[in-house]
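Below: the structure, in structure tokens.
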Amino acid sequence: MTLHGWTMPGRALLPLVLLALPGCGPEGDGDPADDETLAAELWAAIADYDGWGTPAGWEGPFQSAHMDQWVGVYFDDALAGWDGTGAAPEDAIAVKEAYTDETGATIAGLTVMQKIAGYDPDGGDWFYAEYAPDGTVSAAGKVDMCIGCHEGASTDFLFSVQPPS
Ligand code: HEC
């Protein structure tokens with residue numbers, strides 16, 4: 001949904017209108033400007049991810065099942081403490097690091113998912129983002145390419161909840 005281009009006399013009322021509409025407001029509504037903000041907040045939230053745990057069997061570097069790249073997966077505490085049934089906890093974050101080679105010494109980029117209540121009910125409320133190692137965002141939001149594959153994952157759009165088969 002986009003509200004850009006609205007011209008209305010009572011423009012000061014717009015924030016109230018936004019808060020009253022379901023799916024709008026601070027949680028993000030798929031508006032690119034909101035997705036940019038969420039991507040920046042998420043980058044800050046993952047600043048210490050390399051101290052997080054890795055789900056069993058998904059420690060890097062391992063050869064990605066879908067990228068011609070070596071990768072490693074990290075779960076934040078919320079995701080690590082989840083029992084893996086039903087939906088992942090609100091605000092939970094998963095990070096996948098991709099490396100330039102099999103040593104895992106140099107990071108080539110990051111893909112990240114965060115559960116944001118109300119963000120995308122049809123897509124399990126996951127926000128997707130892809131970053132260069134310096135934090136430059138190359139994709140953010142309800143990214144069709146990400147969703148198209150992750151909707152086939154075993155558990156709430158996540159592949160690495162269960163050990164690799
Ligand atoms: C063609 C399939 C495919 C696409 C497209 C894809 N992923 Fe994944 N993703 C996977 C698989 C498979 C894994 C498990 C690790 C591996 O083998 O790479 C994974 C793992 C992840 C993880 C770790 C959590 C988990 O689900 O295991 C994150 C975070 C992630 N991907 C984010 C993204 C983002 C962001 C995008 C879009 C920019 C994306 N992925 C696009 C298949 C895909």
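All ligand and atom numbering here is 1-based and tracks the order in the structure.
- In this structure, W43 and D134 approach most closely via the heavy-atom pair CZ2-C, 3.9 Å.
- Contact annotation: for V112 versus ligand 1, heavy atoms closer than 4.0 Å belong to the backbone alone.
- For the side-chain hydrogen bond (donor to acceptor under 3.5 Å, both in side chains) test, residues two or more places apart in sequence or in another chain that qualify with D83 are T85.
- Between D35 and K142, none of the side-chain N atoms (NZ, or NE/NH1/NH2) sits under 4.0 Å from a carboxylate O, so this pair counts as no salt bridge.
- Side-chain atoms of Y99 and E97 form a donor-acceptor pair, as typed in the model, at a separation below 3.5 Å.
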> Can W126 and I116 be said to form a side chain to side chain contact (heavy atoms under 4.5 Å, CB included), step by step?
Replying inline: CA-CA 6 Å; W126 287 105; I116 302 178; over 6 Å; no

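- Sorted by first and then second residue, the side-chain hydrogen bond (donor to acceptor under 3.5 Å, both in side chains) pairs with a member in residues 53-72 read H66-K96; sequence neighbours excluded.
- In this structure, V71 is not a member of the same hydrophobic cluster as I107, with clusters built from ILVMFWY side-chain heavy atoms closer than 4.5 Å.
- Within ligand 1, counting atoms from 1 as listed, the ones closer than 4.0 Å to a heavy atom of Y128 are 34 (C), 35 (C).
- Nearest protein heavy-atom neighbour of atom 15 (C) of ligand 1: W58 CZ3, 3.8 Å.
- Looking at residues two or more places apart in sequence or on another chain, you find a side-chain contact (heavy atoms from CB on, under 4.5 Å) between T100 and T106, A108.
- The shortest distance between side-chain heavy atoms of D120 and Y128 does not fall below 4.5 Å.
- Residue contacts with ligand 1 include A129, since one or more of its heavy atoms lies under 4.0 Å from the ligand.
- Heavy-atom proximity to atom 17 (O) of ligand 1, evaluated over A65, S138, G152, G109, is greatest for A65.
- Contact analysis leaves V143 out of contact with ligand 1, as no non-hydrogen atom separation drops below 4.0 angstrom.
- Residue S160 touches ligand 1 through backbone and side chain together, judged by heavy-atom distances below 4.0 Å.
- Looking only at heavy atoms of the protein, atom 23 (C) of ligand 1 is closest to V73 CG1, 3.9 Å.
- Around the CG atom of D50, the shell of radius 6.0 Å holds more than 12 heavy atoms that belong to other residues, nucleotides or ligands.
- Counting only protein atoms, the N, O or S atoms lying less than 2.8 Å from atom 8 (Fe) of ligand 1 are H150 NE2, ordered by chain and residue number.
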